Q: 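Handing you a structure now.
Keep in mind the model is a prediction, meaning the values are calculated, not measured. Proteins come first, then strands; the chains are lettered A, B, ... in the order of their sequence lines, and each starts at number 1.
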Amino acid sequence: QQPVQSPQAVILREGEDAVINCSSSKALYSVHWYRQKHGEAPVFLMILLKGGEQKGHEKISASFNEKKQQSSLYLTASQLSYSGTYFCGTPPSGNTGKLIFGQGTTLQVKP
Amino acid sequence: DTGVSQDPRHKITKRGQNVTFRCDPISEHNRLYWYRQTLGQGPEFLTYFQNEAQLEKSRLLSDRFSAERPKGSFSTLEIQRTEQGDSAMYLCASSPALAGGRDEQFFGPGTRLTVL
């Protein structure tokens, strides 16, 4: 079951904040966040595990709400370099390595 | 180590031809994954290996697709009798097989396949 991301697209000015959500109709075992720039490979940002929250690099952090089966990615004081498409990926069970990715959220940061 | 590498970066082929892609993972990583990505979509899981064992293969994957990882090092993905619908970016990723959900997957640059 593919996780659902919202919004589909966001346009920001430099310095503004954004939140990207990733939700699932099934239990989430962990949530992996990636950023992909046009024509490049996805770059790992962070993993969130059940029962915990893990902060990533720069001014990007995330939370994991097990009860709501949802994770949110927070981008604070956005920079031009934050532009790209953000994907969340989740394993469909607790004993597999594969990830099922959401459809992506495109973020554009303007000067 | 410079990360996951893939070869070729671009492949143009005619419908009906066979193609083979190669992936070299990060050297200490036990797991190797293949994903496919089309424009505007997230990566779609194809198959993955732990060392030389193929642990899982997508049920959506046609029998025309086969992957190998001899000796648990590099991997190859072969597509036989290519179709126009196979046109996509084929991504390889590797991970150290950490337990407890902490297994970070690192992606290679991908091979872009165009089937004419």
Side-chain angles (χ1 to χ4, degrees), chain A residues 1-6 8-9 20 22-24 27-54 56-57 62 64 66 71 73 84-106, chain B residues 2-7 9-10 23 25-26 29-51 53-61 67 69 88-112:
Chain A
Q1 191 88 17
Q2 183 182 33
V4 177
Q5 291 184 230
S6 63
Q8 284 191 315
I20 299 171
C22 173
S23 62
S24 175
L28 290 174
Y29 297 91
S30 63
V31 180
H32 303 225
W33 284 98
Y34 288 82
R35 177 172 60 210
Q36 185 175 30
K37 293 185 182 284
H38 183 70
E40 299 180 9
V43 173
F44 173 80
L45 294 177
M46 66 187 77
I47 290 177
L48 292 103
L49 307 176
K50 282 183 108 170
E53 169 184 315
Q54 182 172 341
H57 54 256
F64 185 10
E66 297 165 46
S71 175
L73 187 72
T85 301
Y86 290 78
F87 293 100
C88 65
T90 64
S93 68
N95 58 359
T96 178
K98 79 180 187 185
L99 295 177
I100 307 299
F101 286 90
Q103 79 279 19
T105 296
T106 300
Chain B
T2 56
V4 179
S5 62
Q6 293 186 243
D7 184 69
R9 296 290 306 277
H10 303 273
C23 171
I26 294 172
H29 284 183
N30 296 324
R31 285 186 176 171
L32 186 149
Y33 309 79
W34 286 100
Y35 292 87
R36 176 173 62 191
Q37 187 176 29
T38 54
L39 195 62
Q41 300 296 316
E44 175 191 19
F45 171 78
L46 296 179
T47 187
Y48 87 100
F49 295 83
Q50 178 139 338
N51 301 314
Q54 188 172 20
L55 295 189
E56 196 166 347
K57 185 176 176 180
S58 171
R59 283 173 287 179
L60 301 175
L61 206 59
R69 193 184 182 196
M89 176 73 85
Y90 289 83
L91 294 166
C92 175
S94 70
S95 72
L98 299 179
R102 302 174 188 278
D103 204 29
E104 303 174 11
Q105 295 184 25
F106 295 89
F107 282 84
T111 294
R112 181 167 295 284

Q: Restricting to non-hydrogen atoms, name the atom on P109(B) and the atom on V4(B) that form the minimum distance, rounded to 0.1 Å.
A: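 Scanning both residues completely, I find the closest heavy atoms to be CD-O, 3.5 Å.
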
Q: Side chain, backbone, both or neither: which part of Q36(A) has an atom under 4.5 Å from a heavy atom of chain B?
A: side chain

Q: Which atoms of P42(A) are under 4.5 Å from chain B, going by heavy atoms: the side chain, the backbone, both sets, or neither?
A: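 It is both, since atoms from each part get that close.
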
Q: What part of T106(A) is in contact with chain B, defined as an atom under 4.5 angstrom from a non-hydrogen atom: side chain, backbone, both or neither?
A: neither

Q: Is any side-chain heavy atom of C88(A) closer than 4.5 Å to a side-chain heavy atom of Q5(A)?
A: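 Yes; the side chains approach each other to less than 4.5 Å.
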
Q: Could you tell me which portion of Y29(A) (side chain, backbone, both or neither) has an atom closer than 4.5 angstrom to a non-hydrogen atom of chain B?
A: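 For Y29(A), there is no contact with chain B at all, as no heavy atom is under 4.5 Å.
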
Q: Among G97(A), G39(A), G89(A), who wins on heavy-atom pairs under 4.5 Å with chain B?
A: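 Result: the option with the highest number of such pairs is G97(A).
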
Q: What's the verdict on side-chain hydrogen bond (donor to acceptor under 3.5 Å, both in side chains) for S95(B) and Y33(B), showing C-alpha distance, side-chain angles and the deciding distance?
A: CA-CA 8 Å; S95(B) 72; Y33(B) 309 79; 3.0 Å; yes

Q: Going by the rule side-chain hydrogen bond (donor to acceptor under 3.5 Å, both in side chains), which residues pair with Y35(B) if we only count those two or more places apart in sequence or in a different chain?
A: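 Residues passing side-chain hydrogen bond (donor to acceptor under 3.5 Å, both in side chains) with Y35(B): Q105(B).
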
Q: What pair of heavy atoms forms the shortest contact from C23(B) to L32(B), and how long is it?
A: SG-CD1, 4.0 Å

Q: I need the residue from G42(B), P43(B), G40(B) with the largest number of non-hydrogen atom pairs under 4.5 Å to chain A.
A: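 When all of G42(B), P43(B), G40(B) are compared, P43(B) has the most.
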
Q: I need the residue from E56(B), Q41(B), R31(B), M89(B) with the largest number of non-hydrogen atom pairs under 4.5 Å to chain A.
A: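 Most heavy-atom pairs under 4.5 Å with chain A: E56(B).
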
Q: Hey, does Q2(A) have a side-chain heavy atom less than 4.5 Å from the side chain of Q103(A)?
A: yes

Q: Between E44(B), Q6(B), Q37(B), which has the largest tally of heavy atom pairs under 4.5 Å with chain A?
A: Q37(B)

